[in-house]
**Q** 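Here you go, one structure.
Note that the coordinates shown come from a computational prediction; the quantities given were computed from them, not determined experimentally.
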Amino acid sequence: MPECDGRRLSGVRICIVSDIDVATVALGSSEYCAQVARMLGDAGAAVELLLLGVHRPGVVRVPVGTLDRYRRDYAAIVVRGAWRIGGHLYSTDWRRWRERLARAFRKRGAATRGWLSPPDPRALAWAARRLRAHPADLLIANYFNVVGLFDRLDPSPPTALLMHDVVALRAASFAEAGRETDFDMAIVEEEARALARPDLCIAIKEAEAAFVRARAPHTRAVTVSMTIEAVAPATSVPPAPVALFIGGAFAANVEALRWLLDEVWPHVRASLPEARLRVLGKVAGEPGLNWPDGAERVGFVDDVAAEYRTARVALAPLLFGSGVKIKVVEALGHGVPVVATPCGAEGVEHAPSAVLSVADGAEAFAAAVIEALAREDQAEVRAAVRRFAGDHFARGPVGARLVDEVAALLDEKAALPRTR
């Protein structure tokens with residue numbers, strides 16, 4: 001095994017295996033996985049991503065633009081069950097094509113894969129063959145549903161689990177809000193069993209690392225938060241009272257937007273008629289939403305940074321969910337203050353009120369939004385936000401913590417005799 005000096009990972013080969021598509025879709029989970037790879041790569045490790053397939057219901061081809069963008073973060077990206085033809089990847093799995101046809105003809109006969117369902121055993125066998133041919137010094141399962149791969153390698157290398165959020169905590173949040181979960185509750189038990197499997201759990205926030213320590217005391221746990229890239233300060237403050245909401249079409253985001261449009265935004269407009277709300281991302285295309293005056297359905301944009309430059313505040317009106325809300329960290333990295341619900345502020349609660357205003361209830365949330373939009377000291381606020389983001393979410397200190405844990409694990413495992 002390559003030597004590790006306790007700080008650097010020069011010569012170490014690391015393999016991240018994922019059944020969730022974190023290479024061809026630019027979601028928060030994709031960015032977090034890429035950031036972890038980047039931190040390890042900065043320390044000298046060669047990090048390979050093995051993607052077990054493209055598993056989006058009804059989708060048989062995906063553009064490779066995002067895939068090419070993420071190649072900068074990995075030494076290699078290998079996608080199983082897909083051929084690249086021109087600017088797209090085409091699935092070679094006949095079940096994906098069956099799902100596509102079923103959707104096209106509005107049939108329900110072909111069931112689609114559930115979120116975090118067990119991977120196809122053939123995909124795990126493929127990954128195991130590749131890892132036997134090209135052994136890794138550290139094997140990282142991206143989400144707990146991949147830990148079954150550990151049993152297919154004998155001897156197994158040191159292992160880690162990359163946790164974007166804890167499903168048990170997510171289920172508790174849904175229950176507290178009186179909502180049905182957007183996933184099969186059986187995976188909560190599967191997650192509980194999986195936590196004891198790896199040598200190291202990498203959690204996105206300290207509350208989730210503490211959850212692991214309580215449930216699996218023999219598993220090492222480290223908190224590796226979402227980080228920010230240095231963004232050049234805007235040369236001018238936003239001239240108009242614009243608020244920004246960004247989100248994918250997940251249940252928590254859809255309900256948050258519905259609440260924002262129906263119960264919050266009318267209060268904002270009544271007090272500040274010139275206020276505008278811009279909604280970005282796939283959530284903007286959800287049907288059945290009421291769009292009051294001043295609320296703009298934008299959808300996808302090519303330049304998110306430009307949206308942040310013109311926004312006075314970013315919103316995180318989440319009513320349920322778990323994990324650190326990546327949209328919050330991203331906004332802070334761009335120097336934009338945030339108004340959030342207690343759920344939306346999870347993992348960033350320690351921020352001062354000028355940086356992150358936490359409000360519970362529609363009227364209180366609206367009042368916080370109005371205050372943020374109407375502030376005259378926009379330049380000072382943005383400078384304070386940047387300072388906070390730099391102190392708490394800069395990649396350097398966060399990456400050093402991750403590298404220290406990985407280095408200690410590799411040193412420890414190297415000192416132990418391996419047995420079959």
Side-chain angles (χ1 to χ4, degrees), residues 20-35 37-38 49 51 54 56 58-59 61-74 77 79 82 84-90 226-250 253-254 256-257 260-261 275-287 289 291 294-317 325-338 373 378 382 385-386 389 393 395:
I20 301 295
D21 189 351
V22 290
T24 67
V25 183
L27 296 174
S29 56
S30 305
E31 185 58 30
Y32 183 57
C33 188
Q35 285 194 4
R38 211 175 302 153
L49 174 65
L51 194 62
V54 178
R56 277 176 275 160
V59 174
R61 75 167 193 166
V62 293
V64 297
T66 302
L67 175 68
D68 289 342
R69 189 183 83 190
Y70 279 125
R71 288 190 191 281
R72 68 185 182 185
D73 301 308
Y74 302 94
I77 298 177
V79 184
R84 180 169 183 167
I85 303 176
H88 290 81
L89 285 180
Y90 290 82
M226 192 73 182
T227 63
I228 58 167
E229 301 286 351
V231 179
T235 57
S236 61
V237 299
V242 175
L244 199 62
F245 177 71
I246 302 177
F250 303 114
N253 282 333
V254 174
L257 178 57
L260 178 63
L261 295 174
R276 292 164 48 213
L277 170 65
R278 290 176 62 79
V279 180
L280 277 60
K282 195 171 183 179
V283 70
E286 280 296 299
L289 297 172
W291 292 85
E296 304 171 16
R297 184 174 4 194
V298 180
F300 288 101
V301 295
D302 293 328
D303 188 0
V304 175
E307 295 289 338
Y308 281 117
R309 286 194 294 270
T310 59
R312 291 187 179 181
V313 65
L315 309 181
K325 308 309 179 287
I326 293 173
K327 59 174 66 68
V328 173
V329 177
E330 181 182 69
L332 299 181
H334 284 270
V336 180
V338 176
L373 290 174
Q378 294 289 326
R382 292 173 95 87
V385 172
R386 287 181 180 280
F393 297 104
R395 190 199 307 172

**Q** Please report the shortest heavy-atom distance between Leu280 and Glu307, naming the atom on each side.
**A**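 Shortest heavy-atom contact: CD2-CG, 3.5 Å.
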**Q** Step by step, work out the side chain to side chain contact (heavy atoms under 4.5 Å, CB included) result for Phe250 and Val283.
**A** CA-CA 7 Å; Phe250 303 114; Val283 70; over 6 Å; no
**Q** Supply the atom-to-atom distance Ser30 OG to Asp21 CG, rounded to the nearest 0.5 angstrom.
**A**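 Between Ser30 OG and Asp21 CG, I get 6.5 Å after rounding to 0.5 Å.
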**Q** Could you give the distance from CZ (Phe300) to NZ (Lys282), rounded to the nearest 0.5 Å?
**A**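 Between atom CZ of Phe300 and atom NZ of Lys282 there are 6.5 Å.
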**Q** Any idea which heavy atoms bring Pro317 and Ala256 closest together, and the distance?
**A**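 That would be O-CB, 3.3 Å.
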**Q** Tyr74: which residues meet the ring pair (Phe, Tyr, Trp, His ring centres under 6.0 Å) condition with it, sequence neighbours left out?
**A**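 None.
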**Q** Can you list the steps and then say if Glu31 with Arg38 is a side chain to side chain contact (heavy atoms under 4.5 Å, CB included)?
**A** CA-CA 10 Å; Glu31 185 58 30; Arg38 211 175 302 153; 3.3 Å; yes
**Q** Kindly indicate whether the side chain of Ile228, heavy atoms from C-beta on, has any atom under 4.5 Å from the side chain of Glu330.
**A**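 In short, these two side chains do not touch, never coming nearer than 4.5 Å.
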**Q** Going by side chain to side chain donor-acceptor pair (under 3.5 Å), name the residues that satisfy it together with Arg297, two or more places apart in sequence or in a different chain.
**A**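 Result, side chain to side chain donor-acceptor pair (under 3.5 Å) vs Arg297: none returned.
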**Q** Taking it one step at a time, do Val338 and Val336 satisfy side chain to side chain contact (heavy atoms under 4.5 Å, CB included)?
**A** CA-CA 7 Å; Val338 176; Val336 180; 5.8 Å; no
**Q** Within the structure provided, determine whether Leu49 and Tyr70 are in side-chain contact (heavy-atom separation under 4.5 Å).
**A**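 Heavy-atom side-chain distance check fails, nothing below 4.5 Å.
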**Q** What do the steps show when you test Tyr308 against Ile246 for side chain to side chain contact (heavy atoms under 4.5 Å, CB included), and what is the final call?
**A** CA-CA 11 Å; Tyr308 281 117; Ile246 302 177; 3.4 Å; yes
**Q** Any side-chain heavy atom of Leu332 sitting closer than 4.5 Å to one from Val385?
**A**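 A side-chain contact exists here, since the closest heavy-atom pair is under 4.5 Å.
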**Q** Can you give me the closest heavy-atom contact between Val279 and Ala284, atom names plus distance?
**A**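 So the two residues come closest at O-CB, 3.6 Å.
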**Q** Looking at residues at least two apart in the chain, or sitting in another chain, which of them share a side chain to side chain donor-acceptor pair (under 3.5 Å) with Arg276?
**A**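 Applying side chain to side chain donor-acceptor pair (under 3.5 Å) to Arg276 gives Glu296.
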**Q** With Pro238, which residues qualify under side-chain contact (heavy atoms from CB on, under 4.5 Å), at least two apart?
**A**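 Listed in chain order: Arg312, Arg382.
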**Q** Counting C-beta onward and ignoring hydrogens, is there a side-chain heavy-atom pair between Leu257 and Glu286 closer than 4.5 Å?
**A**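 Answer no - side chains too far apart.
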**Q** Considering residues at least two apart in sequence or located in another chain, which fulfil the ring pair (Phe, Tyr, Trp, His ring centres under 6.0 Å) criterion with Phe245?
**A**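 Expected list: none.
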**Q** Does Gln378 have any side chain to side chain donor-acceptor pair (under 3.5 Å) partners at least two apart in sequence or in another chain, and if so, which?
**A**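 Side chain to side chain donor-acceptor pair (under 3.5 Å) list for Gln378, sorted by chain: empty.
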**Q** List for me each residue that meets side chain to side chain donor-acceptor pair (under 3.5 Å) alongside Thr227, sequence neighbours excluded, and say none if there are none.
**A**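 Per chain and number, Thr227 pairs via side chain to side chain donor-acceptor pair (under 3.5 Å) with Gln35.
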**Q** To the nearest 0.5 Å, how far apart are CG in Leu51 and CD1 in Ile20?
**A**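 Spacing of CG (Leu51) from CD1 (Ile20) equals 9.5 Å.
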**Q** Which heavy atom of Pro241 sits nearest to which heavy atom of Leu373, and what is that distance?
**A**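 Taking Pro241 first and Leu373 second, the nearest heavy atoms are C-CD2, 3.6 Å.
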**Q** CG of Leu277 to CG of Leu261: how many Å apart, nearest 0.5 Å?
**A**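 Answer rounded to 0.5 Å: 6.5 Å.
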**Q** Could you tell me whether the side chain of Asn253 reaches within less than 4.5 Å of the side chain of Lys327, counting heavy atoms only?
**A**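 Yes, side chains in contact.
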**Q** Name all residues meeting the side-chain contact (heavy atoms from CB on, under 4.5 Å) criterion together with Asp303; count only those two or more places apart in sequence or in a different chain, and write none if there are none.
**A**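 Asp303 satisfies side-chain contact (heavy atoms from CB on, under 4.5 Å) with Ala305, Ala306, Arg309 only.
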